[in-house]
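These notes concern the structure reproduced below.
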There are 2 protein chains.
Amino acid sequence: MITIDYRSREPIYQQIISRIEDLAASGLMSADEQLPSVRSLAVELSINPNTIQRAYNELERRGIIYSVAGKGSFLAKPSEAVREQKQADYLESFREQIRRAVSLGIKLEVLLGLCEKYYKQAEGGASK
Amino acid sequence: MITIDYRSREPIYQQIISRIEDLAASGLMSADEQLPSVRSLAVELSINPNTIQRAYNELERRGIIYSVAGKGSFLAKPSEAVREQKQADYLESFREQIRRAVSLGIKLEVLLGLCEKYYKQAEGGASK
DNA sequence: TTATGTGTACTAAGTATGTTAATACAGTTA
DNA sequence: TAACTGTATTAACATACTTAGTACACATAA
C-alpha cells in the first residue's frame with residue numbers, strides 16, 4: 001500500500017506523509033478508512049515505529065488523518081482547504097519545473113504536447 | 001548568474017552543480033567560457049569556498065568543466081550525450097509531475113496556461 | 001480478568017551529511 | 001613582487017534523520 005525509496009534523499013517520514021496525502025487527495029482511500037498501525041507499518045517497511053509515528057503525527061496536525069488511542073489511525077474527511085493548499089504548493093513547484101525546461105533548451109511546443117499526453121494517460125489510469 | 005535556495009533541502013553544492021550543468025546543457029554558456037572563481041563565487045553567494053570547490057570538483061569529474069591551477073575553471077565542450085541524458089531525465093520527472101497534478105484535481109487547461117505563462121517568463125528572464 | 005493490539009510520550013544515542021574555519025602550497029599573470 | 005587562480009588537508013560544528021528502549025493509557029476480544 002505504501003512504498004518507500006530508501007535511497008532517496010527525501011526522509012522516510014516525509015515520503016510516508018506524501019504517500020498518504022496523495023492517497024487522500026486522489027480519493028483512492030475514503031474518509032474513516034483505517035490506516036496501517038504504527039507498529040505494523042514499521043514492520044512492513046522495516047523501519048523504526050518512531051519514524052512512522054512522526055509521519056502520522058504530522059499528518060494529524062495537518063488534518064489529513066485522525067488517531068484514536070487504542071483503536072488506530074483513520075483518514076479524515078477531505079478538507080477543501082487542505083486540497084487548495086496542496087494545489088497552491090504544486091503550482092509553485094511547477095514554475096520551477098518549467099524554468100528548468102527552458103534552461104535545458106526544451107521547446108514550449110514539446111512541453112505542451114507532453115503535458116497533454118501525460119495528463120490524459122494519468123487521467124485514464126488514475127481515478128477514484 | 002547562479003542563484004541558490006538556502007532553504008531548500010537540496011545541498012548547496014548540489015544546487016551549484018545543477019545550475020552549471022543546466023547552463024552548459026542549455027547553451028547559454030559556450031565552451032571555454034570562464035566560470036566564477038571558487039573564491040569570488042563563495043563571496044557572491046556568502047558561503048564557504050570549500051563548498052564551491054566541492055561542486056567544481058564534481059563537475060570536473062563529470063566532464064562538464066575543466067580547471068587549470070592559476071588560471072581558473074572553464075566550461076568544457078558540451079557533450080551531446082550529457083545534454084540528451086539530462087533532457088531525458090527531465091522529461092521522465094515531468095511525467096510524474098503531471099501525474100500529481102491529475103491526482104490533485106488540477107485541470108488540463110490550467111496546466112497548459114501556466115506552462116505557457118511560466119515558460120515565457122523564464123525565457124525572458126533567463127539568458128547569459 | 002487477561003492478553004493483545006492500538007496510539008502516545010520521552011530520553012538518549014547513533015549515524016550521516018553538509019558546512020564552515022583555518023591553513024598551506026603551487027601555478028599564472030600583470 | 002603582488003594579487004589573483006586552483007588544490008589539498010584537517011578539524012570542528014551544525015543539523016536532521018533514524019534507531020533503541022521504555023513506559024503508559026485506552027480498546028477489544030478471548
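Letters go in sequence order (proteins before strands), and every chain restarts at 1. Please read these numbers as outputs of a predicted model, since none were measured by experiment.
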| query | Are any non-hydrogen side-chain atoms of A:Ile98 and B:Cys115 less than 4.5 angstrom apart? | reply | yes
| field | Gap between atom CD1 of B:Ile2 and atom CD1 of B:Ile4 - 0.5 Å precision | value | 7.0 Å
| task | Determine yes or no for a side-chain-to-main-chain donor-acceptor pair under 3.5 angstrom, with B:Gln34 supplying the side chain and B:Lys71 the backbone. | result | yes
| message | Contact between B:Tyr119 and B:Glu123 at the side-chain level, heavy atoms closer than 4.5 Å - yes or no? | response | yes
| query | Could you go step by step and tell me if A:Tyr66 and A:Leu75 meet the side-chain contact (heavy atoms from CB on, under 4.5 Å) rule? | reply | CA-CA 6 Å; A:Tyr66 64 91; A:Leu75 213 62; over 6 Å; no
| message | Checking A:Arg95 against B:Gln121 for the side chain to side chain donor-acceptor pair (under 3.5 Å) test, could you report, in this order, the C-alpha distance in whole Å, the side-chain angles of both residues, the deciding distance, and whether it holds? | response | CA-CA 10 Å; A:Arg95 175 184 228 120; B:Gln121 281 180 0; 2.7 Å; yes
| side chain to side chain donor-acceptor pair (under 3.5 Å) contacts touching residues 46-55 of chain B (sequence neighbours left out) | B:Tyr13-B:Arg54
| query | To the nearest Å, how far apart are A:Leu41 CG and C:dG7 C1'? | reply | 14 Å
| request: Give a yes-or-no answer on whether the side chains of B:Glu21 and B:Ser18 include a donor-acceptor pair shorter than 3.5 Å. | output: no
| For the side chain of B:Arg19 and the backbone of B:Thr3, is there at least one donor-acceptor N/O pair under 3.5 Å apart? | yes
| request: Strictly below 4.0 Å, heavy-atom distances to any atom of DNA chain C: list the hits from residues 29-40 of chain A, or just say none. | output: A:Ser37, A:Val38, A:Arg39
| field | Contact check, side chains of B:Gln14 and B:Glu58, non-hydrogen atoms, under 4.5 Å | value | no
| request: Examine distances only and state if a side-chain atom of B:Glu96 and a backbone atom of B:Ser93 form a donor-acceptor pair shorter than 3.5 Å. | output: no
| message | Please encode protein proximity along nucleotides 10-18 of chain C as a string of B, S and -, counting only heavy-atom distances under 4.0 Å. | response | B-------S
| said: Counting C-beta onward and ignoring hydrogens, is there a side-chain heavy-atom pair between A:Met1 and A:Met29 closer than 4.5 Å? | reply: yes
| task | Using a 4.5 Å cut-off on heavy atoms from C-beta on, say whether the side chain of A:Asp22 contacts that of A:Lys86. | result | yes
| query | Going by heavy atoms closer than 4.0 Å, what residues in residues 57-71 of chain A are next to DNA chain C? | reply | A:Glu60, A:Ser67, A:Val68, A:Ala69, A:Gly70, A:Lys71
| request: Tell me, please, the opening and closing nucleotides of DNA chain D, 5' to 3', among those with an atom under 4.0 angstrom from a non-hydrogen atom of chain B. | output: D:dT5 to D:dC17
| query | Do any side-chain nitrogens or oxygens of B:Thr51 fall under 4.0 Å of OP1 or OP2 in C:dT19? | reply | no
| said: I need the B:Asp32 CG to B:Ile65 CD1 distance, nearest 0.5 Å. | reply: 12.5 Å
| Structure string for DNA chain D in dot-bracket form, Watson-Crick and G-U at under 3.5 Å, | interchain | ||||||||||||||||||||||||||||||
| said: Run the side-chain contact (heavy atoms from CB on, under 4.5 Å) test on B:Leu45 and B:Tyr6 for me, step by step, so that the C-alpha distance in whole Å, both residues' side-chain angles and the decisive distance to 0.1 Å come before the verdict. | reply: CA-CA 10 Å; B:Leu45 300 180; B:Tyr6 299 94; 3.7 Å; yes
